[in-house]
Amino acid sequence: MSRFDIAALTWDEKPMRVNIAKSVAENIKKHIPLNKDMKLLDFGCGTGLLTFFLIDKVGRAVGVDSSQGMCEVFLKKAKENNIDNVEVLNVDLEKQDIDQKFDVIVSSMALHHVKDTQNILKKFYSLLNDGGYIAIADLVKEDGTFHDDNEGVEHFGFDLEELKSLFEKVGFKDVQYDIAYTVVKERDGQNREYPIFLMVGRK
Ligand SMILES: C[S@@+](CC[C@H](N)C(=O)[O-])C[C@H]1O[C@@H](n2cnc3c(N)ncnc32)[C@H](O)[C@@H]1O
């Protein structure tokens, strides 16, 4: 069992996670004209927090997560809420491929778990239909104090100009970013701010 399989059972109990997903979803709706003809992919969907905040704006959504435990919770929530236009794939997108195309790819707080950022961005590009949108949210560069345990954390956030260049290098156009939410955590007796960006682009 992976760390995320165990975390899945209580994932939604932390208000911080729900608040991040909610703010990221609101920000995505501001930047991308979502509509019912669109098929959406949520990379590293976890329990589907972001997917379920966006599901009524698109035609169909596919969550992808390498943790079986997360996928099980995702499915349970879809069933309990009678949401039938979603599916979840238990896939490690760094190692496996999906034989589908999407109109929009979203992701929240998953990119920092992927070692090779350029490679996964290339994969996102190949999974999008022409004109499709990408919207990735994650931590702005931090000093490694955001997580209580850095196991599985491949990047302490991202330098936004460097990431923007990488988006452009793999082919994304109209790349822009915004701060979608700021997490405040107590560290060494002081409140520390950890901004979360949303970077959007188009194929
Ligand atoms: C911090 S959680 C975020 C979950 C969810 N997006 C949220 O905001 O609540 C990161 C998720 O990314 C998934 N993940 C990490 N690497 C992955 C990969 N290569 N392929 C698919 N999922 C991955 C993990 O299993 C985990 O569920």
Side-chain angles (χ1 to χ4, degrees), residues 1-29 40-55 58 61-78 81 86-100 102 104-127 134-140 142 144-158 179-183 185 194-199:
M1 256 192 155
S2 80
R3 183 166 85 91
F4 284 120
D5 289 334
I6 297 159
L9 300 169
T10 55
W11 191 259
D12 293 5
E13 288 172 17
K14 269 204 178 171
M16 174 192 84
R17 292 177 178 144
V18 180
N19 292 337
I20 293 173
K22 202 174 193 169
S23 299
V24 168
E26 287 311 313
N27 217 285
I28 289 173
K29 286 187 229 169
L40 174 146
L41 167 75
D42 181 359
F43 168 70
C45 60
T47 61
L49 286 176
L50 181 60
T51 318
F52 293 121
F53 280 126
L54 293 172
I55 193 63
V58 295
V62 179
V64 169
D65 205 289
S66 49
S67 154
Q68 195 184 330
M70 289 288 194
C71 293
E72 282 166 8
V73 175
F74 182 111
L75 268 189
K76 187 166 170 268
K77 283 167 65 178
N81 293 290
V86 289
E87 63 184 285
V88 67
L89 303 175
N90 187 195
V91 160
D92 181 336
L93 208 57
E94 289 172 86
K95 300 185 185 137
Q96 298 162 263
D97 288 318
I98 312 174
D99 191 18
Q100 297 188 45
F102 300 88
V104 50
I105 296 179
V106 300
S107 178
S108 182
M109 300 299 277
L111 193 65
H112 65 259
H113 293 292
V114 175
K115 198 171 195 143
D116 191 334
T117 312
Q118 183 169 327
N119 230 31
I120 200 80
L121 289 178
K122 272 190 192 162
K123 185 158 279 187
F124 293 155
Y125 193 84
S126 71
L127 285 168
I134 185 163
I136 306 290
D138 211 311
L139 289 159
V140 175
E142 47 107 7
T145 58
F146 177 81
H147 294 91
D148 295 331
D149 176 1
N150 276 321
E151 192 203 322
V153 175
E154 301 288 348
H155 306 270
F156 293 156
F158 295 88
I179 298 303
Y181 190 73
T182 299
V183 175
K185 286 192 174 193
Y194 299 91
I196 291 171
F197 67 84
L198 179 77
M199 193 166 288

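No hydrogens, no waters, no symmetry mates; every other heavy atom, side chains included, goes into these values. Indexing begins at 1, ligand by ligand and atom by atom, following the structure's order.
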Which of the ligand 1 atoms, numbered from 1, are nearer than 4.0 Å to a heavy atom of [X]:
X	result
M70	27 (O)
C45	5 (C), 6 (N)
A110	12 (O)
S67	25 (O)
E94	18 (C), 19 (N)
L49	9 (O)

Tell me whether the rings of H113 and F4 are parallel (<30°), tilted (30 to 60°) or perpendicular (>60°).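 Plane angle over 60°, so perpendicular.
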Shortest protein heavy-atom distance from [atom], along with the residue and atom involved:
atom	answer
atom 2 (S) of ligand 1	W11 CZ2, 3.6 Å
atom 3 (C) of ligand 1	S108 O, 3.6 Å
atom 17 (C) of ligand 1	S66 OG, 3.4 Å
atom 1 (C) of ligand 1	M109 O, 3.2 Å
atom 27 (O) of ligand 1	D65 OD2, 2.7 Å

If you measure every N or O of [X] against every N or O of ligand 1, does any of those distances drop under 3.5 Å?
X	result
L93	yes
D42	no
D92	yes
G44	yes

Closest contact, heavy atoms only, [X] versus [Y]:
X	Y	result
V88	C45	CG2-SG, 3.9 Å
T10	R17	O-NH1, 4.4 Å
V106	I28	CG1-CD1, 3.7 Å

Could you check which of R3, H147, H113 puts a non-hydrogen atom nearest to atom 15 (C) of ligand 1? H113
At a non-hydrogen distance cut-off of under 4.0 Å, which region of S2 contacts ligand 1 (side chain, backbone, both, or neither)?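 None of S2 does.
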Would you mind telling me if ligand 1 is within reach of the side chain of V91, the backbone, both or neither, using heavy atoms under 4.0 Å?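 Looking at V91 and ligand 1, just backbone atoms fall under 4.0 Å.
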Tell me whether [X] contacts the main-chain N or O of [Y] through its side chain, where contact means a donor paired with an acceptor under 3.5 Å.
X	Y	value
K185	F146	yes
D92	S66	no
D65	C71	no
S67	M70	yes
N27	V24	no

Under the salt bridge (charged side-chain N to carboxylate O under 4.0 Å, His left out) rule, what do D12 and K77 come out as? Steps first, then yes or no, please. CA-CA 11 Å; D12 293 5; K77 283 167 65 178; 2.5 Å; yes
Sort out for me which residue in T117, N150, D138 forms a side-chain hydrogen bond (donor to acceptor under 3.5 Å, both in side chains) with H112. D138
